[in-house]
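Heads up, the thing below is written out as structure tokens.
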Amino acid sequence: RSTTTKSVTHQKPPPPSESRCCPAGKLFEFESSNESFLFDLTKQTPCLTDDRRGNADTDILVPLAPCVYRMTDYTIAKREPVLLRRCVLKLNVLRCLERECTVINNLLWHRLSPSADTKSLDDIDG
């Protein structure tokens with residue numbers, strides 16, 4: 001009686017090529033060939049940015065890529081594209097995060113500069 005076993009070799013995916021990078025100046029880009037998103041991975045920590053009124057360093061920018069990678073259980077260090085179906089499953093979480101970022105920036109603006117903005121706190125929360 002002879003037994004044949006298959007040898008299974010696990011190959012690592014190829015390293016991301018230059019063509020698989022998000023174009024400069026964009027937060028993300030959809031790659032239709034494999035239905036995935038490429039994200040700007042240059043910013044990985046929150047930072048201050050200009051607000052919509054042009055005031056320097058007043059809004060807090062939370063980078064999108066680290067949030068998406070963590071929510072979809074991808075490893076950001078691998079820099080691999082995130083599949084569309086994984087993003088769709090977390091879309092409501094992203095919407096919630098975007099709304100909360102906007103609310104906190106508006107609250108900070110109102111708190112730090114109440115005379116410049118006549119909105120009440122009820123208007124800020126939406």
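Sequence positions, counted from 1, serve as the residue numbers for this chain.
Rounding to the nearest 0.5 Å gives a distance of 8.0 Å between CZ of R53 and CG of D59. Rounding to the nearest 0.5 Å places OG1 of T102 at 11.0 Å from CG of L107. Here the NZ atom belonging to K90 is positioned 6.5 Å from the CG atom belonging to D73, to the nearest 0.5 angstrom. With rounding to the nearest 0.5 angstrom, the CZ atom of R79 is 7.5 Å from the OH atom of Y69. Rounding to the nearest 0.5 angstrom, the gap separating the CZ atom in R86 from the CG atom in L91 is 15.0 Å.
Side-chain atoms of V68 and F37, non-hydrogen and from C-beta on, never get closer than 4.5 Å to each other. For the pair S36/E31, a side-chain contact is recorded, criterion being any heavy-atom separation below 4.5 Å from C-beta on. The closest side-chain heavy-atom distance from E29 to F39 is not below 4.5 Å. I76 has its side chain within reach of L41: a pair of non-hydrogen atoms, C-beta onward, lies under 4.5 Å apart. In this structure the side chain of V82 never reaches within 4.5 angstrom of the side chain of F28, judged on heavy atoms.
The environment of L61 atom CG is dense: over 12 non-hydrogen atoms of other residues, nucleotides or ligands sit within 6.0 angstrom.
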Dump the intermediate steps for side-chain contact (heavy atoms from CB on, under 4.5 Å) on I60 and L48, then the final yes or no. CA-CA 5 Å; I60 300 169; L48 294 174; 4.1 Å; yes
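A continuous path of ILVMFWY side-chain contacts below 4.5 Å connects L27 to F30, so both sit in one hydrophobic cluster. The cluster map of Ile, Leu, Val, Met, Phe, Trp and Tyr, joined by side-chain heavy atoms under 4.5 Å apart, puts L84 and V93 in the same cluster. Grouping the Ile, Leu, Val, Met, Phe, Trp and Tyr side chains by contacts below 4.5 angstrom, directly or via other members, places Y74 with L64. Note: the hydrophobic cluster containing V62 does not contain M71 (ILVMFWY, side chain heavy atoms under 4.5 Å, direct or indirect links).
Put simply, the side chain of D40 never gets that close to the backbone of A24: no donor and acceptor are under 3.5 Å apart.
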